[in-house]
Amino acid sequence: MKLTPLTFPKNFVWGVAAAAPQIEGAYATDGKSLSTWDVYSRIPGKVRNGDTLDVACDHYHLFDKDFAMMAKLGVRHYRLSIAWPRIIPEGRGAVNQKGLDFYHRLFDSMEKHGILPWPTMFHWDLPQALEDAGGWREPGIVEAFSEYADVLVKAYGSRIKRWFTLNELPCFVIDPHIDLNKSPGYPLPPQAINQNIHHALLAHGHGVRAVREYGQRGSLVGMADNTTGVVPVTETPEDIAATQKAYAHLNDRIIGAMLTGGYSTTYLRRLGKDRPKVNRGDFDLISLPADFLGINCYFSNFVRSAKRGGFEILDFPPGYPTTAGWLTTVPQSMYWTTRLAAELYGAKNIYITENGYGTLEEPDGNGEILDLHRREFLRLYLSELRRAIGDGVPIRGYFAWSFMDNFEWNDGYSTRFGLCYTDYKTQKRTPKLSARWYSRVMAENRLV
Ligand code: PNW
């Protein structure tokens, strides 16, 4: 019998992703200042086992080897991030030439190995000096980011054509002040959190502006956000309509605001007195047309239609397949988050900028890492992505999170998301079974 070919479109972008604070280490090298995460991770009890970002995967020194390994696996596209504390250590003002030089060396090495960089300007590692000046609550942060984005695009714009502005707004402007499990990690009242979101949206706008202003012709830019996913329990017209309502309810505040050029009236009504202060012209900047939307896709909640409010978001029952303490397996997330972003907000070119599986794992007696759970997870998610493409959702690429095990934020080094295993004692990386499988997927442009 012949296999049904789960082939992807021609020119589909296959890549891997990682972020500066999670892999680079060298936390105080060559003029880098402390980030909020460097400070937060030192507060006892915040990060599992007291792990810090000090050394991480020592990618700062080992990047050339890492890119050689990527190239050997056939990786052609790599989503990385640039550390603000290396470039402008005090957050504003003096630019650190050694920091700029580091990423030039990094890009040189990627070029040598035939890997195309897709840098993100900001992946949560805010210079502590900016946090001390009020962080995302203060309008000054918007100017600071604007200056930083200008510096980046002026320095690298002649060699970098693809940019992401921010990674996952909720994880640096909302969660730190509600769940308190991410830096800077203190409670804030709802109005301040909504103001944080607004400032981050403005920062994104400046990222787009900087690329338009200083980037080379044909440069592409967009945000990478973890939209809050919802999936219909059953794909009936009623549950799908309920899911659309729930998606708008959850996403009007960020990607909705950015893609439609304003906060929806239902969203503002819901906020009441906790609305953010919005200045005239803010949305001209926030909704500057981007070239693509990055979606970090991990899980969703199931939704069904309900009399009251039109939708009901269901809790997961005990025993539902879950990993890393929060990652429920919902492969249809791939289908619905992308489809709804296109349907409801008109998203045009969508990239899955992250998707992955985290767990505790160690090599077996033969030194192999047979991560069949990760492989199966990725394959299920990718088949749902393929379904969305088949239904006409404009998806252009996919980046697996992550190239190698790294600092998994408040879970420290114990939770592993890598396609490659990191031995933190020796800094040796070993491709897991999933890396070998993904290598074939990329090479053949189909699910194998
Ligand atoms: C992302 N969610 O975080 C981050 O961008 C990565 O740095 C991180 O290592 C990776 O996913 C794995 O955790 C997420 O609630 C935070 O859906 C929250 C969610 C998803 C991803």
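The structure presented is a predicted model; accordingly, all values stated were derived computationally and were not measured. Just follow the structure's listing: the first ligand is 1, and inside any ligand the first atom is 1.
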- Message: Closer than 4.0 Å to some heavy atom of Asn167 - which atoms of ligand 1 meet that?
- Response: 5 (O)
- Query: Which residue owns the protein heavy atom closest to atom 10 (C) of ligand 1, what's the atom, and how far is it?
  - Reply: Tyr298 OH, 3.3 Å
- His123, Glu168, Lys182: member with heavy atom nearest to atom 14 (C) of ligand 1: Glu168
- Within-cut-off N or O pair, Trp326 and ligand 1, under 3.5 Å: no
- Message: Any salt bridge linking Asp150 with Arg209? Criterion: basic side-chain nitrogen under 4.0 Å from a carboxylate oxygen.
- Response: yes
- Message: Tell me whether Trp401 has any N or O atom under 3.5 angstrom from an N or O of ligand 1.
- Response: yes
- Task: Report the part of Cys171 (side chain from C-beta onward, or backbone N, CA, C, O) that has a heavy atom under 4.0 Å from ligand 1; answer both or neither where that applies.
- Result: side chain
- Is the closest N or O pair between Asn406 and ligand 1 shorter than 3.5 Å? no
- Message: Between Glu376 and Arg379, does any side-chain N to carboxylate O distance fall below 4.0 Å?
- Response: no
- Task: Taking only Lys NZ, Arg NE, NH1 and NH2, and the carboxylate oxygens of Asp or Glu, determine whether Asp51 and Arg42 approach each other closer than 4.0 Å.
- Result: no
- Going by the order shown, which atoms of ligand 1 are within less than 4.0 Å of some heavy atom of Glu408? 8 (C), 9 (O), 12 (C), 13 (O)
- Going by the order shown, which atoms of ligand 1 are within less than 4.0 Å of some heavy atom of Phe299? 2 (N), 15 (O), 17 (O)
- Using the ring of each side chain (for Trp, its six-membered ring), is Phe164 parallel, tilted or perpendicular to Trp118, with breaks at 30° and 60°? parallel
- Find all atoms of ligand 1 within a distance of less than 4.0 Å from any non-hydrogen atom belonging to Trp124, and give their numbers and elements. 3 (O), 4 (C), 5 (O)
- Task: Please work out whether any backbone atom (N, CA, C, O) or any side-chain heavy atom from C-beta onward of Leu327 is under 4.0 Å from ligand 1, and answer side chain, backbone, both or neither.
- Result: neither
- Query: Which heavy atom of the protein is the closest neighbour of atom 4 (C) of ligand 1, given with residue, atom name and distance?
  - Reply: Glu354 OE1, 3.3 Å
- Thr120 and Ser81: side chain donor to acceptor below 3.5 Å: no
- Query: Out of Ile389, Leu380, Ile352, which residue meets the side-chain contact (heavy atoms from CB on, under 4.5 Å) rule with Met334?
  - Reply: Ile352
- Item | salt_bridge(Arg48, Asp411) N-O dist < 4.0 Å | yes
- Task: State whether Arg86 and Asp30 are salt-bridged, where the test is any N-O pair (Lys NZ or Arg NE/NH1/NH2 against Asp/Glu carboxylate O) under 4.0 Å.
- Result: no
